[in-house]
Protein chains: 2
Amino acid sequence: MSPKSETRKEEIVRVAAQLFKEKGYTAVTMRDIAAKMGIKAASLYNHITSKQDILDAVIISLAEAFTNGMQSIKSSNNNTIDKLKQIIQLHVKLSSQNSYAMASLNNDWMHLEERLDYYKKLRVEYEDDFRTILVDGITASDIIEANPEVMLFSILTTLRSLYIWIPKKEDLNLEEFTTTLYQILIEGIINK
Amino acid sequence: MSPKSETRKEEIVRVAAQLFKEKGYTAVTMRDIAAKMGIKAASLYNHITSKQDILDAVIISLAEAFTNGMQSIKSSNNNTIDKLKQIIQLHVKLSSQNSYAMASLNNDWMHLEERLDYYKKLRVEYEDDFRTILVDGITASDIIEANPEVMLFSILTTLRSLYIWIPKKEDLNLEEFTTTLYQILIEGIINK
DNA sequence: TGATGAAACTAACAGTTGTTAGTTTCATAA
DNA sequence: TTATGAAACTAACAACTGTTAGTTTCATCA
């Protein structure tokens, strides 16, 4: 029926991510994950090698999806405003499709071990690319001459928190939402 | 020397909050907290009654500080724009003075137990007050007619994340920063 | 039918957790 | 000097942690 049905490992990672969002990585036990799947904790080890392995799977693939998205935005020849629109679209899309994993990406990354440095590298590169778009936009007079660090912080923290908010709004029209978000983040809310 | 020197309990709460920010509440052990203070875990219990007690102390007093700040902004007779400026000021001030506790407020509130409902009540009331300011601002044509839920989410998530960013900038001029933040959050970044 | 292998199970492990009980240390006050 | 009390200590606990070893179940296929 399903075109490519979920493997048992993928199911474990998906269920674990939900629990990680509710309680955080450390507070979730292997017995919690197993119970939610209707099996015993020891059975999980037929499919994964460790609890750490689950966290790696949750975080790294999503972090790479952000990196890939940024690469294609970067390499397009769009102007600043269109690039910013595309970044907002990227976050709305990935956050609505992976709202559980986004929680770990934001809150549990410090519990990565072997893959911690790799994750940090991806994050720094993403921020560098974003900052470059803003600085180029200032140079081109597309955006105002405010501190690019503060702009980056302000926009990115909102985008990184979408996972908290999106799932609460059941009947959310994502396209309309993206447009409103663009308006508020980029054009401001004041009536001049 | 110090006008009102820190009690031992306050010291425990302060040290614990630093560790909670680094690793999250669940990942921090009583032995971690004790080690950082140069004593044994059992000795902590001369001053506090439980680990839970520490988390309560970290989170609740800060949550109440936000509530108190909002009360005085609400009851002032300022216009929408000045109220928004004051809210930004409140967050910058409390986040710079309590950057460790802010992390628990954002990430560890779900591990509150007896005080969980009280915390949730404070948070909902704070958001309701903020929303009312925005809706009144739309009515008064001070701000644009965008979805107030999206505005609230967008501004508040940035303000709630200040604790991540502020301590990284050593020589940050808080007053200048507040002004820049106001400009970006309220007036937008586009060059029209 | 009998063999195979994936995926569940039971039982147990060694280490860590928050916490308690009882004891010692030591500056200050009587 | 002696007594007091705050605040440290050692030792231990029961519960829980991630993980391993060995076993059982059962659908599939030669």
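In what follows, chains are A, B, ... by sequence order, proteins preceding strands, each numbered from 1. Everything numeric in this text was worked out from a predicted model, so none of it was measured.
One atom, CD of A:Q52, and another, P of D:dG18, lie 12 Å apart when rounded to the nearest Å. For the pair B:M30 CE and C:dG18 P, the computed distance is 7 Å after rounding to whole Å. C:dT19 atom C1' lies 13 Å from atom CD1 of B:I33, rounded to whole Å. What separates CG of B:L19 from C1' of C:dG18 is a distance of 16 Å, to the nearest Å. Remark: P of C:dT16 and NZ of A:K51 are 15 Å apart, rounded to the nearest angstrom. In this entry the distance linking CG of B:D32 with P of C:dT17 reads 7 Å, nearest Å.
Legend: salt bridge (Lys or Arg N to Asp or Glu O under 4.0 Å) pairs involving residues 144-158 of chain B, not counting sequence neighbours, sorted by first then second residue: A:K169-B:E149, B:R131-B:E149.
A donor and an acceptor atom, one from each side chain of A:Y118 and A:E64, are located under 3.5 Å apart.
Comment: B:D32 engages B:K23 in a salt bridge, judged by a side-chain N to carboxylate O separation of less than 4.0 angstrom.
Remark: B:K51 is positioned above the aromatic ring of B:Y25, its terminal NZ or CZ atom under 6.0 angstrom from the ring centre and at most 45 degrees off the axis.
Under the salt bridge (charged side-chain N to carboxylate O under 4.0 Å, His left out) criterion, B:R14 pairs with B:E6, sequence neighbours left out.
Between the side chain of B:S154 and the backbone N or O of B:V150, no donor-acceptor pair lies under 3.5 Å.
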Within the sub-3.5 Å range, which N or O atoms of nucleotides 6-13 of chain C have a protein N or O partner, and how far apart are they?
{"residue": "C:dA8", "atom": "OP1", "partner": "A:R8", "partner atom": "NE", "Å": "2.8"}
{"residue": "C:dA8", "atom": "OP1", "partner": "A:R8", "partner atom": "NH2", "Å": "2.8"}
{"residue": "C:dA8", "atom": "OP2", "partner": "A:H47", "partner atom": "NE2", "Å": "2.6"}
{"residue": "C:dA8", "atom": "N7", "partner": "A:N46", "partner atom": "ND2", "Å": "2.6"}
{"residue": "C:dC9", "atom": "OP2", "partner": "A:K40", "partner atom": "N", "Å": "2.6"}
{"residue": "C:dC9", "atom": "OP2", "partner": "A:S43", "partner atom": "OG", "Å": "2.9"}

